[in-house]
Amino acid sequence: MTNSWVDIRNANIVLSMGGNSAEAHPVGFRWVMQAKERSDAILISIDPRYNRTTAVADYHAWIRTGTDIAFLGGLISYLIESDRYNREYVEAYTDAAHLVREGFEFHDGLFTGYDEARHQYDKATWNFDLDEQGFARRDETLQHPRCVFQLMRRHYSRYSVEMVERICGMPQAKVLQLWDLLAQSAAPDKTMTILYALGWTQHSVGAQMIRTGAMVQLLLGNMGMPGGGVNALRGHSNIQGLTDIGLLSNLLTGYMTLPAAGAQDYRGYIQEKVRQPLLPNQVSYWKYYERFFVSTMKAFYGDAATVENDWCYHWLPKLSEPLYDVLYAVNDMTKGTMTGAICQGFNILAAFPNKAKVLDGLSKLRYLVIMDPLANETGEFWKNHGEFNDVDPSQIQTTVFRLPTSCFAEDDGSITNSSRWLQWHHRAVPPPGEAKTDNAILAGLFQRLQKLYQEEGGAFPEPILNLTWEYSDPAHPAAAELAQEYNGRALADIEDQGRIIRRKGELLNDFGDLRADGSTSCGCWIYSGAWTEQGNMMDRRDNSDPYDIGVTLGWAWAWPLNRRILYNRASARPDGTPWDPNRALIWWSGERWVGADVPDYPIAAAPEEDIKPFILSESGTGHFFASEWLGEGPFPEHYEPLESPIPNNPLHPQNPLAYHNPVARVFAEDRDTFGTFEEFPYAATTYRLTEHFHYWTTHVLLNAIVQPEKFVEIGEVLAGELGIAAGEKVRVRSKRGHIDAVAVVTKRLRPLQVDGRTVHQVGIPIHWGFTGVAKKAHLTNTLTPFVGDGNTQTPEFKSFLVNVEKL
Amino acid sequence: MRGDQINLQNIIARSATNEPSPQIRSGGVEQVTKLIDVSVCIGCKACQVACMEWNDLRDEVGECDGTYNAPQDLTPSSFEVMRFSEYENEEGDLEWLIRKDNCMHCAEPGCLKACPSPGAIVQYANGIVDFNSEHCIGCGYCVAGCPFDIPRISKKDNKAYKCTLCSDRVYHGLEPACVKSCPTGSIQFGTKEQMLDYGAHRVGKLKERGFDNAGIYDPAGVGGTHVVYVLQHADKPEIYSGLPKDPHISPTVELWKGVTKPLMSAVLGVSVLAGFFHYMTKGPKEEPEDDPDPDQAAAEREQDRHDEERRP
Amino acid sequence: MSHSNVRKGILRYGPWARANHWLVAICFVLLSLSGLALFYPAFFGLTALFGGPEPTRIVHPYIGVFMSLFFVIQAVRFFRANLFRRHDIQWARQIGDVLSNRDERLPPVGQNNAGQKLVYWIFLATVPVLLVTGVVLWRPWVASEMPIWALRWAALIHAVTAFVAILTLIIHVYSAIWVKGSIRAMTQGRVSPAWARHHHPLWYEEVMRGEKRGDESALPHSEPDSAATQRNRP
Amino acid sequence: MSVRVSRRQFLKFGAAGLGASSMAMMGFAPDQALASVRHFKLSGAKVSRNICTYCSVGCGMLLYARGDGAINSHDHIFHVEGDPDHPVSRGSLCPRGAGVLDFIRSDSRVRYPQVREPGTDEWKRISWDDALERIVRMMKDDRDRNFETHDEEGHLVNRWMTTAMVAASACTNETAYLTQKITRALGILKLDNQARV
C-alpha cells in the first residue's frame, strides 16, 4: 500500500477493483465504511461478481474477468479528452512533459522491438530523449507530439467507450456513469483511493493492470494524497515483509537485486544499479545503492567481506533467467532436473496451478522437507486420498520429512502488514509437542551443514563457512538479535560533516547512517530504524493521532523511516501548501517540512528547489511512461487472457501476436494444456472467501462450521440453461482436470455481452482440500493454467476457461 | 459498572413466577441494546465465529446447501446465524441483504411468558433475557412462545439455548463478543437511548443515499427489543429472510399463558370450595336404612346365594 | 350402618371393572398433578411428587399414554350403561332436588343417573383430545418435528381440555364423597339393596327381577339375557 | 386463593402434607437466579499481545492463556480476541481471526518430526537429530554434486539450482532474514514466497 489502512477513511471515492476488500480484508474494510460515514464517500465496486464488497457499495458494475486495462485505459482517455484531470499535479509531479526517444512506436498491438521467437522485447527505444548532460528533455506545455502526455493520449484514444463495452461486457451507459464518478476526484480537494489485490495481480497482464490504476491516480492527482494512492491489500500476514527482505529468486534485501550472470564485474553491477537523476537536482535515492549493498554484505559475511574481494560479490549466486519462481522450479522438477525442495509453511501442491503438474514434479524429487505447523496437502502429496488425490505411494520415491514448527502464538518477532508497518508480537505459550520455531530449525540445518563442510569440505564452502553467526544461542538465534542485525550497526565510528554520529557497535538510527566503505553493517536497509539505540521501535503502542488524519506515528514502525504515506510531498502543491486544507498531511513551514506524517522528502528542501516528490525515481516524477521497467511495454495495453472466451483481441483482431500478452511466460511443456472456448465455453475466476484463509482454515473447526463444503458459483441464467438447481453437485472441468462441488446458483453472476457473444462467468473459491476438518474436496488449482505474468510470473488464477456439467 | 446490575434485585422478571421480582433498584440501570445495521453488514460471519468461540460452542460441520448460509439455521450450538437473501428492488437493481439472526431480547419476552419453570428464563433490568439452563426442564414451551423462532432445544441435554447477549461479558462491563468482533461496525452496543439515537443518524444517512424507506426495527408488538436493526427497507422487513413485520406473542400463547392460567385455576378452586360448602350445608346423601320386610330379605339372601354359586 | 341381614349387598362393580377404574383414576390424578405443576406457577411445587421438574416433564406424557389405553377398555365396558334414556332428561331437569337431597321427588333412574352419564361422556370427549394434543407437544420425540403454530394450538387446547376434564373429575369425586355408599361400590364392588333401590330404582328392580346381574353392565360383551338363561337351571 | 384451594384439593386426593413441601419447592434462593450468568472465563488469565497471522491487515490480538508461566505449569491458550488499542482493528477481528483459537489448537498441528520413506504409505516418527542429520546429508550430497560455479558461457555464477526453497508468508521478518542469509550462502536461487498466491 502507498497509504495505510486507516487512511482509507480520508477518501471521497473508494474504488474497489481487482479485489474484494470486504471479503478478503474485512477489518481493513472498516475504514471504507468509515469513509462513507465520516465524509460521505462513495464506494464503487467493479468485479466479475456481485460480491461482499458490492453488497455495501453505492455503485457497481459487472466486468469480464481480465479486462480491467480496457476499462481503465478508456478512463485515461476520457479524463484527458474531457479535460478532467489535475493538470497542475500532472505538470509538476509526473513525467507527462518528458520527451520520448524517436523510434519508439506502437503498432497493431505491439511496441517497437518485439522478438517473436523469444517472446521478448528489445527495449532499446523505450526511453526518454536525453540531452547532453543526460537529463530528459521536457515540454512543459505537454503539446510536443513526442511528449509522454501526447503519446499516452494517442495510445488510449483507441479505448473508446464502445470498445470498452465490447471488451469488458459493460454497457456504455454504465461505463460512462462510472467514469464520470471517478473523474470527480480530479478536483484538488477530492481524493480517490484504489483498493486492489490478487484480482489484478493474478493475470497474465497483472502488473500492467496495476500500472494502469497508478496512471489513473497520477492523472487525478491522487498519489501521495491522504485518502488516495494505489493500495495493494496483499494476501498474507507477512508477505510484505518477505518481499521487503527479498525472499524471491532475484532479490536481495530491500529490493536490491541479485546480479545477472552477465554482471561479472562488481563495479559494473553497481554502476547498473546506481540510478543517476534524469532531471537536475533530483534525489533519485537509488544512487546510494552501493551503501545498501555493502552494508548488507557486511551483515552477511562480516570481516570476510572486504573492499579487496568486492565485499564477497562473487559469493552471491547469479541469475541466467529473470526469475526462478516456483512455476519455474516445478517445471524443472517435472523434467527431473531437481533433487530437493524445502517448503517452509508453503502448501505448494494446493497453491500453484495445474495440480497434476505440481504433483508430478514433487513425485520426481529425491527429498522434500516440510516445515509447517499444520499437516497440509503438500506434505501428503504421496498419500492416496481417494478421488481427491489418487496416487500410488509405492510408485513415489520421494523421501518426505515433516518438521513441526511453532505458529505465531508461540514465537516472538515482527511481521509487516500491507501498510508497511512492522509490528512486533510476543510468544504466549510454548509450541505443542516437540515443535520448534523456524529459527531453531533453520539454525539446526545450517549449523549441521556448516559442520559437514568444515569436516568434509565440498563445493564452494566459503559462504557457508563465513556466514556471520553471532547469536548468543547459536542453536536458536533470537528474534531480537536478528532484528538488530537487519536494522544495522556501526562497525566503526561514523562521522558526518566531521562529527561522530554513531559510535562503533551502536545500532544505526536509519539508512541515512549507511556507508559504502564497510564501516556499517545492515541486513535490510529499508528496515534500518526498526530497532535503534532507542529500543524496539516495532513494539511501540502509542496509538494517538494528533492531527486526526489517521496517522499514528507512535504505533509500531513503518518503513521507510516510519513514513505512513509514501510520496506524501505530493499531498502539497509545488509551493508547499496542501492541495486541500482539510486534508493537510505535510506542508512547508518556511524552513522545513512539517505535519502529521514523516516527510517522504528531504526535510529542509524548500519548494523553490523544485525537488520532485517521487524521490526514488530517477526524475523524481510519477511515471506514465514505464521505460524498460516492464516487459509488455511502457504503456499498458489490453491483451486477452491465455484462455479467452472470445476468438481475438477486439483491439487487434487481425494480429494473432497481440491476442494474448506477447511476453507472458508459457513453458514449451505446457503449450497443449490450454483449452479453447469451443471446448470450454465459460470464463472462470478463482477467489478467496471471507470465512476461510487459503488452505489453513480447513483445519480450523470454527471456520469449517461457517463454510463447510466446497462450492462453485453459477449465475441463474447459466444454471437454468444447464438445468442445475442450488445445492446440486456439479463437475467443473478445464483442460487440466476437474473438480466436483456444490452449485451455488445466484443472481450475483450475470451473462455479459462481449463483442457480440454471451459470456457466462463461473466463480470458484480456492478453499478446501483433502486434509483438515472441513468437508474433503478436490483442490481448485487442479483447474488453473500454468502460465506466468510477463513481469512477475504470477499465475493467471483469475481468468481461464471451464465447462460445467451437472452430476 | 454494568456488572452491578445483575443480581436478584435486578432480575425484573422470572419465568413461572406470579410474585413480582424486586424492582426498586432497577431505576438507574442502563437498558443495554445491540444495534445491527444491515446496510453496513458484509456478512463476514465474524460475529458468528466470535459467538461460538466465546460461548465455547462448536456446531456440526454441516454441508453447503447452495447458499452462503452456514449453518443453515439456528441450533443449540449456533446462537446466531447470518441469513443471505438476494433481493431485486423496484428499479430492478440487485441487493444482497444479509441479516444477523439471533435473539431479539424482547422487552415482553414470549419465551419467558410461556416458560413453566420458575427462573429458567429471567429478564434483567438492563433488558437482557437470559436462559438459565440449570432450571430448564426441556418442555419447549419457549419455542412456542417466541415470536421470532429463536430458542432451540438440544438433543444432547434436552435444554433450551439461545443468545445470552453475552450476559457474562456485559456483567463485567464488556460488550458482547459479536459486537466486539464486527469488522465494519455493523453491530453496535450501548444503552437503548444511544442506540436509537445512532440508529436515527444512520437512517438519515441512508435516506440521503436514496433509501427512502430506511428505518429502525424495534417492534412495538413485543414492547420493543434490546436488539434493533437498521434496515434499508424498513417497510418490508420480511425481505430480510423473513423478519416478521409486526411480531407479537401469538394470541394462542397469550390466551394459554394469559387469562386462562389464573381463571381456570380459580374455577377449579371454587369448584372444590363449592363442593365443600355444599357438603356442609346440604349434607351427604346418607345410606338409606334397610327394608325390614322378611320376604324381601329372604329374596335378597336367595339372590346372594345365586351370586355366590356363580362366583368362579 | 348395619346390614345384619345382608351379607354382601348387590354387586355393582366386578373386580376387573374396579381395577380398571382405579388404574385410570390414579393415572388421571397423577396427570392432573403433573399437568397443573407445568401449567400454573403456583402448582409448580407439585413437581416434587415426581422427583423434580424435569422428571415431571418426562413422565407426564408416558402416564398419559398408559391411561388412555385403560380408558379405552373402560369406555367400552361402561358404554351401554351410559346411553341416555328418557327418564334421564327428567332427572336432569330436577337437578335442584338432587343437590338439595330431596331424593324422594326424583324420577327413578337406571344403573347410572344422568350426572354419572354426563361424566362418562365428558371424559370420552376430553381424553382423546388430550392424547392427541399431548403427543404433539411431546419432547423430545414429536414436538421438534412440529410447526410452531401446531405447538401453540396444541398447548392451548391441551390446557383448556385438561381444565374441563379436571373440573369434571372434581365433581365426580365430590359426588362419590357426597353420596354415601358410592365409594364402597367402587372399592368393594357391592351396594346395599336399599342404596340401590334408593338411588337407582330401575336398575334395582331389574336386578331383583333377576333380569340381569348387578355388575353386568360392568362386564363387556355380556349378552342381555345371559343372566336369565343361567338362572333357568334347576 | 387458588394456592390455598389447590392444597385442599391435594388433601382430597390423599396427598396430605404435600403442601408444605411444595411451598418449599416454590421458594427459590437468589443463587438460582445468579447462576444464569455464566462464569466469566477471562478472570485471572495471562494475556499476551500478538498480531493476527492470517491476512496483511495486521490486526492486534490478545491471547488469553491459562497458567502463570510457573515451571510446573504448561500454559495453553483458551481464548483470543481483538486488541482494542490497535489503530487499525480497534478490537475487531474477521471470522478467521476470531476463530484463530482453533488454528492454534487444531488437531492438524504436527507435534513431532516425521519421515515418509520412499515407496511407503505411512509417516514414521523420528527424532529431531535423525531428521536434521538425514536432511542435511541429502542437501550436502546434492549441493556438492550439482553446484554450478560457471554457466555455459563460462560466467562465474556460484549457484545451487537443484534444490528449491519456498518461504513462509506467516513467518517473522527475523526468520525471513535468516532464511535469506542461509539460502544465498548456500547459493540457492530457486527461492520464492507466497507473494504471487
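Chain A is the first sequence line, chain B the second, and so forth, proteins listed ahead of strands; every chain is numbered from 1. Small disclaimer: the values here were computed from a predicted structure and weren't measured.
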If you count heavy-atom pairs under 4.5 Å with chain B, which of [options] comes out on top?
| options | result |
| --- | --- |
| C:Leu167, C:Thr56, C:Leu137 | C:Leu167 |
| C:Ala150, C:Ala155, C:Ala143 | C:Ala155 |
| C:Asn101, C:Asp103, C:Val179 | C:Asn101 |

With sequence neighbours left out, the residues meeting ring pair (Phe, Tyr, Trp, His ring centres under 6.0 Å) with C:His199 are C:Trp195

Partners passing ring pair (Phe, Tyr, Trp, His ring centres under 6.0 Å) against B:Tyr240 (at least two apart in sequence or in another chain) =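 B:Tyr240: no ring pair (Phe, Tyr, Trp, His ring centres under 6.0 Å) contacts found.
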
Legend entry - Closest approach of C:Tyr40 to B:Pro262 (non-hydrogen atoms, all atoms of both residues):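 Closest heavy-atom pair between C:Tyr40 and B:Pro262: CE1-N, 4.0 Å.
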
Residues C:Pro140 and B:Lys155: closest non-hydrogen pair is O-NZ, 4.4 Å

Could you state the interatomic distance from [atom1] ([X]) to [atom2] ([Y]), rounded to the nearest 0.5 Å?
| X | Y | atom1 | atom2 | answer |
| --- | --- | --- | --- | --- |
| B:Thr252 | C:Ile157 | OG1 | CD1 | 9.5 Å |
| C:Ile166 | B:Ser271 | CD1 | OG | 10.0 Å |
| B:Trp256 | C:Phe39 | CH2 | CZ | 9.0 Å |

Do [X] and [Y] come close enough that some side-chain heavy atom pair is under 4.5 Å?
| X | Y | answer |
| --- | --- | --- |
| C:Pro53 | B:His135 | no |
| B:Met264 | C:Val160 | yes |
| C:Arg139 | B:Ile153 | yes |
| B:Thr17 | C:Pro41 | no |
| B:Leu268 | C:Phe163 | yes |
| C:Leu99 | B:His278 | yes |
| C:Glu54 | B:Lys159 | yes |
| B:Tyr141 | C:Leu151 | no |

Tell me if a side-chain donor or acceptor on [X] pairs with a main-chain N or O of [Y] at a distance below 3.5 Å.
| X | Y | result |
| --- | --- | --- |
| B:Tyr279 | C:Tyr174 | no |
| C:Lys180 | B:Pro288 | no |
| C:Arg57 | B:Ile137 | yes |
| C:Trp178 | B:Gly283 | yes |

Chain B contact via [X] - which portion, at a heavy-atom distance below 4.5 Å:
| X | value |
| --- | --- |
| C:Arg152 | both |
| C:Val98 | both |
| C:Ser144 | side chain |

Considering only heavy atoms, which portion of [X] lies under 4.5 Å from any heavy atom of chain C: side chain, backbone, both, or neither?
| X | value |
| --- | --- |
| B:Val253 | side chain |
| B:Cys115 | neither |
| B:Leu255 | both |

So for atom CD, which belongs to C:Glu205, do other residues, nucleotides or ligands contribute more than 12 heavy atoms lying within a distance under 6.0 Å?
yes

| said: Check this for me: C:Trp121, atom CH2, are more than 12 non-hydrogen atoms of other residues, nucleotides or ligands nearer than 6.0 Å? | reply: yes

* Asked: So B:Ser265 and C:Phe43, side-chain contact (heavy atoms from CB on, under 4.5 Å) or not? Walk me through it.
  -> CA-CA 9 Å; B:Ser265 310; C:Phe43 302 140; 3.9 Å; yes

Ranking B:Ser15, B:Ala114, B:Ala16 by heavy-atom pairs under 4.5 Å to chain C gives rank one to B:Ala16

